[in-house]
> 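Provided herewith is a single structure, encoded as structure tokens, for subsequent inquiry.
Below, chain A is the first sequence line, B the second, and so on; all start at residue 1.
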Amino acid sequence: MPFDFSTGLRQRQCRCRPMKTSKFFIATQKEVPAEAEIVSHRLMLRAGLIRRLSAGIYTWLPLGLRIVRKVERIVREEMNRAGALELIMPVVQPGELWQESGRWQAYGPELLRFKDRHERDFVMQPTSEEVITDLARSELKSYRRLPTHFYQIQTKFRDERRPRFGIMRGREFVMKDGYSFHADYADLEREYRNMYDTYTRIFTRLGLEFRAVAADTGAIGGTGSHEFHVLAESGEDAIAFCPQSDYAANVELAEALAPGARPAAREAMRKVATPGKTKCEAVAELLGIALQRTVKAVALMHDRDFILLVVRGDHDLNEIKAQKMIGSFRFATEAEIREHLHSPAGYIGPPMGGSGAVGAKVRVIADRTVAAMADFVCGANDEGYHLTGVNWGRDLPEPQVEDIRNAVAGDPSPDGKGTLEIVRGIEVGHIFQLRTKYSEAMGARFLDAAGAEKPFEMGCYGIGVTRVVAAAIEQNHDERGVMFPAPIAPFEVALVPIGYHKSEAVRSAAAKLYGQLLEAGVDVLMDDRDERPGVLFADMDLIGIPHRIVISDRALAAGKAEYKGRRDEKPADLPLDEVIPTLLKKLA
RNA sequence: CGGGGUGUGGCGCAGCCUGGUAGCGCGCCUGCUUUGGGAGCAGGAUGUCGGAGGUUCAAAUCCUCUCGCCCCGACCA
């Protein structure tokens, strides 16, 4: 991927140290530990990048650490280039500061708390808003100091109830967290865009396929919050995006539009027996109709109010959207459903008829798509029966219409420019406008040009450095192992001499090439172990080194070496003197 | 936190039901052979059977408690 690096990305000196396997620590494993569930976790253990110490807590072995360092380096270069200043804040922080911000109470058991020998409260930081705000209020007293953006690359700890997926969701992890301070909101927005661009550069340079998506702005508001996702089948999050435009949002947030206007009613309403068919799928199968013609009703309690939410049979209720609209709720109990609808769950639907009918006072909220349906099938509020050919306005009152479902592939894009697709992603970055939440809570104020005291406008920006490593593997692997993008591979080139311990010719040719690669500033690993070729190949593939040069008596006799990219099907011979130029070209 | 599972050599597992003093594969060590895709043969080392208590002549095996870990869910964002 071509990129304009005015700062000079490929400074081919003093990157990581070149190495020989005989002097390094290769800890590959043929067999997979039973604990590992997902690909990246298995491969990280097998390739010898990490070892588990305790639940969600891992040692980074030398090979794995090289990858972390490369990610950090790219993040650091781009953050510096964007004008942010690196610092390091303590991992152990006084509880007092956390009480001041209110997070001492707000944070659950995820926040690891403990006491020192003086019985004073401390926490192990999951992020550092308190400490940075404390620093700002004592150091940034004047608008002349603004804007300022501090960041750190530091170990975090979150005592997850259930750590899983190895590094992907560990308790201890490395994160880049940055915090910016501004005199006004306009400047915060400027820096927010700056970070959006910076993150885009960072993930591009990391060699990952990613997408920035709109995320929940929550109660804090602001022009927004964006998550950066590495695209991977195994991702925990679903992302809705529009290939015809730049629209992208977390599925939980993506607006779900109706596919079109409501057609005219054609059928008469009929009550049909559907004994034992409590799911839309079963009803559709029994009646021989498409699932898309059925609707399902979900009963909720909001305080003392009974509310019926209606979505199409093949759609899912979006609880976040529902909560935003009606406030906090819980699912109704079986007894509450019987009380209001005189029917057991499984056969419920919006009550038919006018104001005198059973359950007429039940509040019905229909999803936009359901509101645009005609001749649909729903529960009859009578055990063992459903209704077909139901029509709004004719058979029952027009409902309140809201967006209460998850967007699905094929929905019209909310920006009106095409059709949504859904992909899965792993959240590796998040940028957020904090506004004055912390500065107000902690009394962090500066003097503006007019001499007035004002709280800082703040932004915060995170990148899960160690999670990036796991995400890169989820996105780039095959049956033989990892296929690291070159910018973060532990080594750029594997030099594999065959018969190294037997053949003087191979030994000297390998030594010469190794020296030249070193000279050229290439990050090379020479595998000089006394192992059979199969072992060497398998290990280099497993570790995921992007380029491989093989030296053998056979090729040497013709004045050649062999090149193979990790993703290539077959190797190709190269004249010896073209090895270096070829590699440099590929690494450029 | 609720449910399920599991703990036996460095790793993966069998043995447990039906108690009789621990075994297999990988890895490791030595030697010989082998050398272009995780070698073969021979020899060898490594176990408080997670911990504590109990039942029994005898416990990896049965019982009780306890700890660790894994999976599902809930929770969190």
> Sort out for me which residue in Arg467(A), Met168(A), Arg158(A) forms a side chain to side chain contact (heavy atoms under 4.5 Å, CB included) with Phe173(A).
Arg158(A)
> N/O contacts under 3.5 Å, protein versus nucleotides 41-45 of chain B?
none

> Protein-nucleotides 68-74 of chain B N/O pairs closer than 3.5 Å?
from: C69(B); atom 1: OP1; to: Ser54(A); atom 2: OG; distance (Å): 3.3
from: C69(B); atom 1: OP1; to: Ala55(A); atom 2: N; distance (Å): 3.4
from: C72(B); atom 1: OP2; to: Arg162(A); atom 2: NH1; distance (Å): 3.0
from: C72(B); atom 1: OP2; to: Arg162(A); atom 2: NH2; distance (Å): 2.4

> In plain terms, say whether Asp121(A) and Lys115(A) are close enough for a salt bridge, that is, a side-chain N and a carboxylate O under 4.0 Å apart.
yes
> Considering heavy-atom distances to RNA chain B, does Asp530(A) or Val535(A) have its closest nucleotide positioned more toward the 5' end?
Asp530(A)
> Does a salt bridge link Lys156(A) with Asp177(A), judged by any charged N lying under 4.0 Å from a carboxylate O?
yes
> Grab the two heavy atoms, one from Leu542(A) and one from Gln29(A), that are nearest each other, plus how far apart they are.
CD2-O, 4.2 Å
> Could you tell me how the ring of His226(A) sits relative to the ring of Tyr192(A): parallel (under 30°), tilted (30 to 60°) or perpendicular (over 60°)?
tilted
> Write down the distance separating the P atoms in U61(B) and G50(B), rounded off to the nearest Å.
8 Å
> Can you tell me, in whole Å, how much space there is between the P of C28(B) and that of A22(B)?
27 Å
> Across the strands shown, which category fits Leu542(A) at heavy-atom distances under 4.0 angstrom: base, sugar-phosphate, nothing?
base
> Can you pull out every salt bridge (Lys or Arg N to Asp or Glu O under 4.0 Å) where at least one residue sits in residues 49-60 of chain A? Sequence neighbours excluded, please.
Glu35(A)-Arg52(A)
> Roughly how far apart, to the nearest Å, are A59(B) and U55(B) at atom C1'?
10 Å
> If you look only at pairs with a residue in residues 507-517 of chain A, which of them pass as a side-chain hydrogen bond (donor to acceptor under 3.5 Å, both in side chains), with sequence neighbours excluded?
Glu504(A)-Arg507(A)
> Which is true for Arg548(A) with a 4.0 Å heavy-atom rule: it touches a base, it touches only sugar-phosphate, or it touches nothing?
base
> Below 3.5 Å, does any donor atom in the side chain of Arg46(A) face an acceptor in the base of G38(B), or the other way round?
yes
> Suppose you measure atom P in G23(B) against the same atom in U46(B); what distance do you get, rounded to whole Å?
13 Å
> Suppose we screen for salt bridge (Lys or Arg N to Asp or Glu O under 4.0 Å). Which residues come up paired with Lys321(A), at least two apart in sequence or across chains?
Asp403(A)
> Write down the distance separating the P atoms in U6(B) and G10(B), rounded off to the nearest Å.
22 Å
> Quick one: label Glu562(A) by what it contacts on the DNA or RNA (base, sugar-phosphate, nothing), any heavy atom closer than 4.0 Å.
base
> Suppose you measure atom P in G73(B) against the same atom in G12(B); what distance do you get, rounded to whole Å?
24 Å
> Pull out every protein N or O sitting under 3.5 Å from an N or O of nucleotides 27-32 of chain B, one pair per line with the distance.
none

> Looking at the side chain of Ser552(A), which of A39(B), G37(B), G36(B) is the nearest nucleotide?
G36(B)
> Are Tyr179(A) and Phe456(A) close enough that their ring centers fall under 6.0 Å?
no
> Going by the side chain to side chain contact (heavy atoms under 4.5 Å, CB included) test, name the single residue among Leu253(A), Leu231(A), Ile422(A), Leu420(A) that passes it with Ile239(A).
Leu231(A)
> Closer to the 5' end of RNA chain B via nearest nucleotide, is it Gly499(A) or Leu536(A)?
Gly499(A)
> Hunt down the Watson-Crick or G-U wobble partner of U48(B), both distances under 3.5 Å, from any strand shown, or write none.
none
